[in-house]
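To keep things clear, I will list the structure first and then write my remarks on it.
A, B, ... follow the sequence lines: proteins, then strands. Residue 1 opens every chain.
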Amino acid sequence: MNLNISIKRDYSRTPGPRRIIEGPFSGEDFRKKILTDAIRHAISINSILTIDLDGTTGYPPSFIEESFGGLVRYEKIDPEQIIAHLKIISKEEPELIDEINEIIRSGG
Amino acid sequence: MRKKTQTPKSIKISKRRIKLLYKKRKKWNIKNRTSNREYGHLSKKTRNHARKLRIDKKRSKIIRAPTHLSLVKNTEETLSFISQLDESLKKREPVLVDLQDVTKLSLNGVLVLLSVMMAFKASRIRFNGTFPKDQAAKDRLSDSGFFQKLYNNANTESTKRKITIEQKDTISTHADKKVDSALADELLTKATKTVWGEKRRCKGAQISLVEMMLNTNNHACPIAKGGKHWWLCVSLNKENKTASFAFVDYGVGIFESLKTKKTDHKFFQPLQRLYRELKDKYKYANNAHIMSEILAGRLHRTSTGKPYHGKGLPSIYNAAQTGKISNLHIISNDVFVDQAAQNFREIKREFSGTFIYFEINPNCHNLSHEP
């Protein structure tokens, strides 16, 4: 299981809407196909999952919220565990790092 | 015995009849001679169109467009024109759209007119129109692909999900019911070539387009998600190095969709709705004030009632405030927003739907296409 995910390389250059029913490359799709298994694996082997957000066309707030907030809301993973085993890289939009941490802490 | 037809009375009656028939024939001849003189030199297609136009002028309601058809620069008159079309659509009465006096025709005006006429077509209501007399306005209308889409045989809103009219290099029109982030990227890549002379990434513009499509998909139709089309028109200006984006949907509008919350009780919904309206009336001056609070992120409102929703509009406004997009205008229900002038005002004519316009220019924030 890959613990270094680049959204541009491993998922899509054009992140889309919130849910699968709304259109392609949704946050729900990203979470179900890639993110959930990766974070669970990182937690199980006590390692760090690195997610690189750079290189895409931009992240609609709905995409970000559904991907990361959904880990707590739907996948029922403990927020503190997620934060302890997750590292976000975002040189193009550094403000996204705090935003994602806030979304996870608020419980989705 | 004399025959009945040869009595003085019957002769008098037949002479009168012959006189009347002669008058009718003369009138008919004059009419056709005139029409042949006017139209005889034209092609059969044009003559047929002219004939249909003459008929429609008598049978249809004539709706005159303002001289400057633009929701951004001439909001009240354009909205008045659109609302007249809307009323005729609801009454199912045939219309003749008179564009003869139009001298300035903007991209957003064309888009809004096209989306309304497509609704007429989908409802199978008869319509026709006249060209602008001004040649520049006429060319702009033709270049936009307006007629190409309106007069082809394909059925529209109810059956086809995705509609594309790509006419020339400088203008393209798209419609869909779902969110298409790849299309937004494709259009932006083309636009950036005009603005910066090379492919660039405009994150603010991309996020804004995706959120607009998402709002239409989720909220425009009160009955079901994805019930209404959104329309997007992109115009590229090589001289000014500007790309203009006009987005419209004919849903219920932002404020109407916020009035009914999906978390409301099944039986007490009217009371809950009334309570919220009274609360707003007490706390805020009008919808324009509420809109300014929502866009600035100071007031959180969603139709779903969920705390993690409702970030789309603030993100679009924030993109304009931080220089990622420019010249942002929003019109929905009775509210008009001009972000650059910080103008939030009520408009007299309501717009049932949502219209958003923005531009990208060389001053907008951008990144290299491939990092």
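Judged by distance alone, the side chain of A/E22 and the main-chain N or O of A/R19 form a donor-acceptor pair under 3.5 Å.
No part of A/K91 comes within reach of chain B, as not one of its non-hydrogen atoms sits under 4.5 angstrom from that chain. Proximity to chain B (any heavy atom under 4.5 Å) is restricted, for A/E93, to the side chain, taken from C-beta onward. For A/R13, the part lying under 4.5 angstrom from a heavy atom of chain B is the side chain only.
The most heavy-atom pairs under 4.5 Å with chain B, out of A/S12, A/P24, A/G23, A/P61, come from A/P61.
The residues B/K311 and A/E65 are annotated as not salt-bridged, no charged nitrogen and carboxylate oxygen being separated by less than 4.0 angstrom. Between B/E370 and B/K199, none of the side-chain N atoms (NZ, or NE/NH1/NH2) sits under 4.0 Å from a carboxylate O, so this pair counts as no salt bridge.
Proximity of the aromatic rings of A/F63 and A/F68 is defined here by a centroid distance below 6.0 angstrom, and this criterion is not met.
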